[in-house]
Amino acid sequence: MADRHHATLAIIGLPNAGKSTLLNALLGQKLAATSQIPQTTRTRVLGVIDRGDTQLAFLDTPGIHLPKHALNERMMAHVEQALEEADIVLWVVDADAYLGTGEHALAKRLRRMERPTYLLLNKVDLLSKGRLLEKIATYKDLLPFKEIVPIGAKTGLNFEPLWALLERDATQPGWPYAEEVFTDQTERSLAAEFIREKVLRKTREEVPHGVAVLIEQWLEPGEADYPEDMGPDGVFIAARIVVDRDGHRKILLGSGGAMIKDIRQSAQRELKKLLQRPVRLELFVKADEGWRDRPDRLDRLQL
Ligand SMILES: Nc1nc2c(ncn2[C@@H]2O[C@H](COP(=O)(O)OP(=O)(O)OP(=O)(O)O)[C@@H](O)[C@H]2O)c(=O)[nH]1
Ligand SMILES: [Mg+2]
């Protein structure tokens, strides 16, 4: 007990770099929604893992971008808060993407913070060795990085050296979280996120950015209105999918309801895996124009 150490690690970077994929892979369990759509993550997600005497508390954060709506301002506040709390910053970049103004601005900010920062060059599966070396050369002068580690978040590539470095640098005394604590997400918040993930994976353009999910009913066996035909160990979940425009609602429903049916089925499968029990999911789609700029709506959605 006496030689237990920990570190809080903020996983930050631009949208779509693979931060949430990394969190899920490090934890060996899905905690965060991931998709090819930038700005998938909207809040801060804690994932804790204990390795020997070392406790590592990872904070996944929204991808850094210029806020257009009140929602996006709150997203950026989550990034700030995670950076404040972090002992170590893990800056994840898409090594296959161009190093642009976003990266320069972030480097400037991190330089001022003087926090030990790792550069994690992600998606190295998409690069040749030669291009990877070029990338390292381009990035290394941006900041005095504590470490530069090429990784593949999707496949767990280079995780062993990464773990070793993190364990070496996790020098804060004690363990802030009890051994059984694994995340700060509730089953309900995970369920809402995984439903939203299915929507993001099936829609495009402006639709995904205007989507939010609210769990309206969560019925356990024995509760009033729990469906009688459902068996003694299931859960009945009704969720509302909020969209920004009526046109988006129509897109989500699809012709003859085909799209929403597809979303419902894949979300229900995912929730069964999450909850390890039979799940019946019902989805409703509702347009609420301008919700991303309404503080009351954002509060209700816990954003
Ligand atoms: N080829 C490849 N793709 C990856 C890898 N890691 C993540 N991706 C893909 O990159 C996309 C974005 O991944 P996310 O984990 O959602 O990215 P994020 O940084 O959390 O994005 P935001 O939450 O929007 O900031 C997804 O399509 C992932 O499958 C990787 O190692 N290799
Ligand atoms: Mg994310």
Side-chain angles (χ1 to χ4, degrees), residues 9-47 58-69 71-83 89-100 102-103 105-106 118-129 131-132 135 149-162 183-185 189-190 192-213 266 270 292 303:
L9 308 107
I11 304 176
I12 63 150
L14 300 203
N16 215 34
K19 300 176 293 297
S20 303
T21 305
L22 176 65
L23 177 84
N24 293 340
L26 289 171
L27 271 283
Q29 190 171 324
K30 184 163 164 174
L31 282 181
T34 65
S35 86
Q36 75 292 355
I37 305 278
Q39 303 173 24
T40 293
T41 305
R42 288 180 174 163
T43 60
R44 205 189 58 153
V45 177
L46 170 74
F58 295 97
L59 302 172
D60 182 24
T61 62
I64 296 167
H65 62 281
L66 288 174
K68 254 208 248 166
H69 297 278
L71 165 67
N72 306 75
E73 279 164 23
R74 291 192 183 196
M75 287 160 69
M76 294 306 94
H78 287 298
V79 179
E80 291 300 329
Q81 207 197 333
L83 280 171
V89 174
L90 303 180
W91 178 6
V92 181
V93 303
D94 178 345
D96 194 35
Y98 172 73
L99 194 170
E103 283 81 4
L106 179 53
Y118 284 36
L119 179 72
L120 304 183
L121 285 162
N122 188 32
K123 310 196 190 181
V124 294
D125 53 292
L126 301 176
L127 275 75
S128 67
K129 264 233 165 78
R131 265 193 72 219
L132 176 60
K135 286 284 170 178
V149 190
I151 59 163
K154 222 167 167 175
T155 54
L157 188 79
N158 268 347
F159 278 18
E160 279 317 312
L162 179 61
T183 184
D184 56 353
Q185 303 299 294
S189 60
L190 290 172
E193 279 295 271
F194 293 175
I195 296 166
R196 191 169 61 87
E197 178 191 84
K198 299 303 170 235
V199 177
L200 300 193
R201 290 186 179 194
K202 289 179 200 288
T203 55
R204 56 202 79 244
E205 290 171 27
E206 269 310 295
V207 180
H209 298 296
V211 168
V213 174
S266 57
E270 178 97 38
R292 282 176 287 176
L303 289 166

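Note that ligands are numbered from 1 as they come in the structure, with each ligand's atoms numbered from 1 the same way.
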Identify which of Arg42, Arg201, Glu197, Lys123 has a heavy atom lying nearest to atom 10 (O) of ligand 1.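 Selected option, by shortest heavy-atom distance: Lys123.
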
Given Lys154, Met75, His65, which one has a non-hydrogen atom that is nearest to atom 4 (C) of ligand 1? Lys154

Write out the residue and atom name of the closest protein heavy atom to [atom], then the distance separating them to 0.1 Å.
{"atom": "atom 1 (N) of ligand 1", "result": "Asp125 OD2, 2.9 Å"}
{"atom": "atom 13 (O) of ligand 1", "result": "Thr21 OG1, 3.4 Å"}
{"atom": "atom 25 (O) of ligand 1", "result": "Lys19 NZ, 2.8 Å"}
{"atom": "atom 6 (N) of ligand 1", "result": "Asn122 ND2, 3.2 Å"}
{"atom": "atom 23 (O) of ligand 1", "result": "Thr41 OG1, 2.7 Å"}
{"atom": "atom 21 (O) of ligand 1", "result": "Asn16 N, 3.0 Å"}

N or O pair under 3.5 Å between [X] and ligand 1:
{"X": "Thr34", "answer": "no"}
{"X": "Ala153", "answer": "yes"}
{"X": "Gly63", "answer": "yes"}
{"X": "Thr61", "answer": "no"}
{"X": "Gly18", "answer": "yes"}
{"X": "Ala17", "answer": "yes"}
{"X": "Thr155", "answer": "no"}
{"X": "Asp60", "answer": "no"}

Numbered atoms and elements of ligand 1 in range of [X], under 4.0 angstrom, heavy atoms:
{"X": "Pro38", "result": "24 (O)"}
{"X": "Gly152", "result": "31 (O)"}
{"X": "Gln39", "result": "24 (O)"}
{"X": "Gln36", "result": "27 (O)"}
{"X": "Pro15", "result": "25 (O)"}

Can you tell if the side chain of Leu127 reaches within under 4.5 Å of the side chain of Lys135, non-hydrogen atoms only? yes

Is it the case that atom CZ in Arg131 sees more than 12 heavy atoms from other parts of the structure closer than 6.0 Å? yes

Would you say that more than 12 heavy atoms from the other residues, nucleotides or ligands in this model lie under 6.0 Å from the CD of Glu205, or not? no

Test side chain to side chain contact (heavy atoms under 4.5 Å, CB included), reference His65, set Asn72, Leu14, Val79, output is Asn72

So, for [X] and [Y], which heavy atoms are closest and what is the spacing to 0.1 Å?
{"X": "Glu197", "Y": "Ala33", "answer": "OE2-CA, 3.4 Å"}
{"X": "Thr41", "Y": "Met75", "answer": "O-CE, 3.5 Å"}
{"X": "Val92", "Y": "Ala17", "answer": "O-CB, 3.4 Å"}
{"X": "Val149", "Y": "Leu162", "answer": "CG2-CD1, 4.4 Å"}
{"X": "Ser266", "Y": "Lys202", "answer": "OG-CE, 3.5 Å"}
{"X": "Ala25", "Y": "Phe159", "answer": "CB-CE2, 3.6 Å"}

Sub-2.8 Å protein N, O or S atoms surrounding the Mg ion (ligand 2): Ser20 OG, Thr41 OG1

Any sub-3.5 Å donor-acceptor pair from [X]'s side-chain atoms to [Y]'s backbone N or O?
{"X": "Asn122", "Y": "Val93", "result": "no"}
{"X": "Ser189", "Y": "Gln185", "result": "no"}
{"X": "Thr61", "Y": "Ile11", "result": "yes"}

Heavy atom under 4.0 Å from ligand 1: found in Leu126's side chain, backbone, both, or neither?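 Answer for Leu126: side chain.
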
Among the heavy atoms of Ser35, does any lie under 4.0 Å from an atom of ligand 1?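 Yes, Ser35 has a heavy atom closer than 4.0 Å to ligand 1.
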
For Thr40 and Thr34, run side-chain contact (heavy atoms from CB on, under 4.5 Å): C-alpha distance rounded to whole Å, both residues' side-chain angles, the deciding distance at 0.1 Å, then the answer. CA-CA 6 Å; Thr40 293; Thr34 65; 5.6 Å; no

Does the pair Ser35 and Arg196 meet the rule for a side-chain hydrogen bond (donor to acceptor under 3.5 Å, both in side chains), with working shown? CA-CA 10 Å; Ser35 86; Arg196 191 169 61 87; over 6 Å; no

Assess the residue pair Asp94 and Lys123 against the criterion (salt bridge (charged side-chain N to carboxylate O under 4.0 Å, His left out)); give the C-alpha distance rounded to whole Å, side-chain angles, the decisive distance to 0.1 Å, and a yes or no. CA-CA 6 Å; Asp94 178 345; Lys123 310 196 190 181; 3.3 Å; yes

Do NZ/NE/NH1/NH2 and the carboxylate oxygens of Glu193 and Arg42 come within less than 4.0 Å? no

